[in-house]
Amino acid sequence: MGGYVGGRLAAAGHDVGFVARGAHLAALRRDGLAVTSVAGDFTVAPVRATDDPGELGEADFVLLAVKTWQLEPAITAVKPLNGRETAVVTTQNGVDAPGQVADVIGRSAVLPGAVEVIAFLDGPGRVRQLGG
């Protein structure tokens, strides 16, 4: 989900930083992000990608696009991105995620979100969107 939404934002000209690991991070750094989509394919290159959120600096918005079971370490990992005016957008299924984030980040910073898009990693540096 993060690759798809972040890719759309970057393609529209917004300053986006991606947090990734392993082969996906290497591909993003080397080739950028390629998105295959029912709404039109696109590639964003170069992209800012890192495995250390602290390298990205303070953000206006942080999109937490991890599975619910990955949320706790992700909240801790994105702390360096949070400033006084940063909003943290949650995209997890279920009603507990915004509360979990608020317990660490602060309730006023959390924007509970819902995403109705079917998208997935289709290989390192590649996202496929099927619908939604």
Would you check if [X] and [Y] make a side-chain contact, meaning some heavy-atom pair closer than 4.5 Å?
X	Y	answer
Asp60	Glu85	no
Leu130	Phe120	yes
Val101	Leu71	yes

For the residue pair [X] and [Y], what are the closest heavy atoms and their distance?
X	Y	value
Pro80	Pro53	CB-C, 4.5 Å
Val44	Ala10	CG1-CB, 3.7 Å
Pro124	Ala23	CB-O, 3.5 Å
Pro98	Thr90	CG-OG1, 3.7 Å
Arg126	His24	N-CE1, 4.4 Å

Item to check | Asn93 atom CG, neighbour heavy-atom count above 12 within 6.0 Å | outcome: no

Next on the checklist: Counting neighbours of CD on Glu72 that are heavy atoms of other residues, nucleotides or ligands and sit closer than 6.0 Å, is the number greater than 12?
Outcome noted: no

Next on the checklist: Tell me whether Thr36 contacts the main-chain N or O of Asp41 through its side chain, where contact means a donor paired with an acceptor under 3.5 Å.
Outcome noted: no

Checklist entry - Between the side chain of Arg21 and the main-chain N/O of Asp51, is any donor-acceptor distance below 3.5 Å? => result no

Next on the checklist: Run the salt bridge (Lys or Arg N to Asp or Glu O under 4.0 Å) test against Asp15 and tell me which residues pass, sequence neighbours left out.
Outcome noted: Arg48

Next on the checklist: Please enumerate all residues that pass salt bridge (Lys or Arg N to Asp or Glu O under 4.0 Å) together with Arg128, with sequence neighbours excluded.
Outcome noted: Asp122

Item to check | Contacts of type side-chain contact (heavy atoms from CB on, under 4.5 Å), residue Val5, not counting sequence neighbours | outcome: Met1, Leu9, Leu63

Item to check | Step-by-step side-chain contact (heavy atoms from CB on, under 4.5 Å) determination, Thr86 to Leu81 | outcome: CA-CA 8 Å; Thr86 302; Leu81 301 173; 5.6 Å; no

